[in-house]
Amino acid sequence: MLKRFLHIAAIAFVATCLFSCAVVDANAQDAPKSPIGVKHVVWIGSDGFGAHYVNWDELPNLKKMKENGSWTLHMRSVLPSSSAINWHTMMVGAPSEMHGYRNWNSKKPEIEPVYVNERGYFPDVFRVLKDAIPGCRCTTVYNWDGIQFCYDNDAVDDQVFVDNIEAVYQTALKQLDTKPTYALIYFGEPDSTGHSIGWGTPEYQAMMTKIDDYIGKIFKHLEEIGMLDDTVVYFSSDHGGSGKGHGEGRLDHMEAPYLICGKGIKKGEITDVFVNFDCPATVLSIFGVEAPQCWRGQPADVLETK
């Protein structure tokens with residue numbers, strides 16, 4: 001009797017293992033696949049980095065991204081051309097009329113969003129990736145605390161607020177060592193310099209160069225830790241400015257750079273219309289993830305086709 005019981009138990013155990021393996025295999029087959037074989041995407045964001053002030057000769061690392069990937073200096077912000085509203089827009093794939101953020105320091109929607117998910121949020125890129133990709137790991141580091149109100153914090157595994165851009169860079173290296181699926185590295189400059197001294201001033205241009213230097217060091221670190229070959233890196237800003245301010249409906253306030261390079265990314269200028277809510281749609285296309293129906297952004301035509 002005992003032998004029969006043990007025999008039945010063994011059969012049941014094997015059957016359970018086989019069923020579990022089948023479920024895992026099925027889930028693996030259902031998981032999205034990057035059409036260009038990318039495992040990681042790193043977003044480097046720089047606040048107030050106006051496209052009208054870009055001098056490629058002073059920005060060697062951004063120039064290298066330009067030469068080795070896709071780029072535009074005509075990515076438009078939504079209005080008003082201010083911070084929180086546009087960082088949120090670059091995360092949620094839709095304009096402010098839909099997601100409800102309306103101000104430079106919005107911490108929640110000022111008008112009711114047209115759609116919210118089961119968590120009560122208009123879906124952002126972190127949440128969509130987290131739900132779609134098994135084992136997805138997301139990280140953020142920033143030195144403006146307003147960034148934390150632009151996305152669903154529970155979708156980010158490791159987020160760190162620091163008080164200066166050097167600390168952003170140093171913390172970002174530690175986060176990249178964990179090899180996240182998707183990372184946001186946010187620098188609150190040259191926006192602060194623009195407000196205190198002025199857009200386009202020598203001090204502003206020097207801060208742009210400093211951000212460019214950090215970008216070069218981040219690329220070097222990605223190479224050192226063996227991530228560069230299967231990673232896409234993109235750079236964007238939220239707005240430009242003039243004098244000591246921004247937020248108006250004028251092109252030097254609204255146009256920001258967008259550069260993207262890495263495995264499977266085309267080389268050349270993006271000539272199609274590109275608005276900042278196209279940024280997260282482009283990220284999803286890199287990972288082979290379907291965008292939510294409520295998004296309005298379109299992926300940029302930057303992926304190489306076989």
Side-chain angles (χ1 to χ4, degrees), residues 40-50 59 61-62 65 82-91 101 103-108 124-127 129-130 136-197 203-225 227 231 233-239 241 246 256-257 259 279-280 283:
H40 317 277
V41 172
V42 176
W43 175 14
I44 302 174
S46 179
D47 205 299
F49 201 107
L59 306 169
N61 295 296
L62 283 175
M65 289 185 69
S82 298
S83 293
I85 177 177
N86 279 288
W87 287 110
H88 188 60
T89 297
M90 283 189 282
M91 298 179 192
Y101 278 50
N103 298 303
W104 77 269
N105 64 341
S106 295
K107 293 179 171 59
K108 61 182 180 180
D124 62 65
V125 62
F126 296 98
R127 172 52 62 190
L129 290 175
K130 197 75 170 177
C136 176
R137 179 175 176 77
C138 297
T139 69
T140 62
V141 56
Y142 48 88
N143 69 303
W144 175 50
D145 63 357
I147 285 293
Q148 66 184 302
F149 302 105
C150 294
Y151 58 86
D152 181 353
N153 286 205
D154 287 343
V156 177
D157 301 275
D158 188 14
Q159 52 187 334
V160 183
F161 168 67
V162 295
D163 61 4
N164 61 79
I165 59 172
E166 175 65 23
V168 169
Y169 161 66
Q170 295 291 348
T171 304
L173 299 190
K174 296 176 183 178
Q175 289 182 316
L176 291 174
D177 286 342
T178 68
K179 299 190 176 181
T181 310
Y182 184 55
L184 166 61
I185 303 168
Y186 165 94
F187 296 100
E189 288 282 8
D191 183 76
S192 295
T193 300
H195 283 297
S196 61
I197 301 176
E203 293 85 353
Y204 177 89
Q205 299 293 152
M207 188 57 72
M208 295 177 82
T209 300
K210 189 170 186 177
I211 297 298
D212 182 81
D213 184 57
Y214 287 134
I215 291 170
K217 291 177 179 178
I218 289 169
F219 270 96
K220 181 179 179 181
H221 188 73
L222 289 171
E223 184 176 19
E224 290 172 347
I225 62 176
M227 274 182 68
T231 296
V233 179
Y234 71 101
F235 173 87
S236 71
S237 186
D238 53 341
H239 57 75
H246 56 84
L259 301 97
C279 290
V283 172

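When all heavy atoms of Gln175 and Val160 are compared, the pair lying nearest together is NE2-CG2, 3.8 Å. Here the shortest heavy-atom pairing between Met208 and Gly50 reads CE-O, 4.0 Å. Shortest non-hydrogen contact noted between Asp212 and Leu62 is OD1-N, 2.7 Å. In this structure, Ala84 and Cys150 approach most closely via the heavy-atom pair O-SG, 3.9 Å.
Put simply, CD1 on Ile165 and CG on Asn143 are 7.0 Å apart, with the number rounded to the nearest 0.5 Å. Note: Met65 CE to Phe235 CZ = 8.0 Å, rounded to the nearest 0.5 Å. Note that CH2 of Trp87 is 9.5 Å distant from CH2 of Trp144, once rounded to the nearest 0.5 Å. Rounded to the nearest 0.5 Å, atoms CG (Asn86) and OG (Ser236) are 10.0 Å apart. For the atom pair CD1 of Ile215 and OG1 of Thr209, the computed distance is 10.5 Å after rounding to the nearest 0.5 Å. Interatomic distance, SG of Cys138 versus OH of Tyr182, reported as 8.0 Å (0.5 Å rounding).
Side-chain contact between His246 and Ser82: present, with at least one pair of heavy atoms (C-beta onward) separated by less than 4.5 Å. Here the side chains of Lys220 and Glu224 are in contact, with some heavy-atom distance below 4.5 Å. Within the 4.5 Å cutoff, side-chain heavy atoms of Phe49 are placed close to those of Ile211. Within the 4.5 Å cutoff, the side chain of His221 has heavy atoms near those of the Asp177 side chain. The shortest distance between side-chain heavy atoms of Tyr151 and Thr140 falls below 4.5 Å. At a threshold of 4.5 Å between non-hydrogen side-chain atoms, the residues Met91 and Leu184 count as touching. Between Lys217 and Leu173 there is no side-chain heavy-atom pair separated by less than 4.5 Å. Using a 4.5 Å heavy-atom threshold, the side chains of Tyr186 and Asp47 count as touching.
At distances below 3.5 Å, at least one donor-acceptor pair connects side-chain atoms of Lys179 with backbone N or O atoms of Ile225. Side chain of Ser106 to backbone of Tyr101: no donor-acceptor contact under 3.5 angstrom is found. A side-chain donor-acceptor contact under 3.5 Å links Ser237 to the backbone of Gly48. Not a single donor-acceptor pair under 3.5 Å links the side chain of Asp158 to the backbone N or O of Thr139. At distances below 3.5 Å, at least one donor-acceptor pair connects side-chain atoms of Asp124 with backbone N or O atoms of Arg127. One N or O on the side chain of Ser196 and one on the backbone of Thr193 form a donor-acceptor pair closer than 3.5 Å. Put simply, the side chain of Ser46 gets close to the backbone of Glu189: a donor and an acceptor are under 3.5 Å apart.
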Test side-chain contact (heavy atoms from CB on, under 4.5 Å) applied to Leu129 and Val41, step by step: CA-CA 11 Å; Leu129 290 175; Val41 172; over 6 Å; no
Trace of the side-chain contact (heavy atoms from CB on, under 4.5 Å) decision for Ile147 with Gln159: CA-CA 10 Å; Ile147 285 293; Gln159 52 187 334; over 6 Å; no
Verdict with supporting geometry, Tyr169 and Ile218, side-chain contact (heavy atoms from CB on, under 4.5 Å): CA-CA 8 Å; Tyr169 161 66; Ile218 289 169; 4.2 Å; yes
Candidate pair Ile185 and Leu176, rule side-chain contact (heavy atoms from CB on, under 4.5 Å), full reasoning: CA-CA 10 Å; Ile185 303 168; Leu176 291 174; 4.3 Å; yes
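Taking a 6.0 Å sphere around CD of Glu166, one finds it holds more than 12 heavy atoms contributed by other residues, nucleotides or ligands.
Between Lys130 and Asp154 there is no salt bridge, since no side-chain N of the basic residue sits under 4.0 Å from a carboxylate O of the acidic one.
Here the options are Phe126, Trp43, Tyr234, the test is side chain to side chain contact (heavy atoms under 4.5 Å, CB included), and the partner is Val283; only Tyr234 passes.
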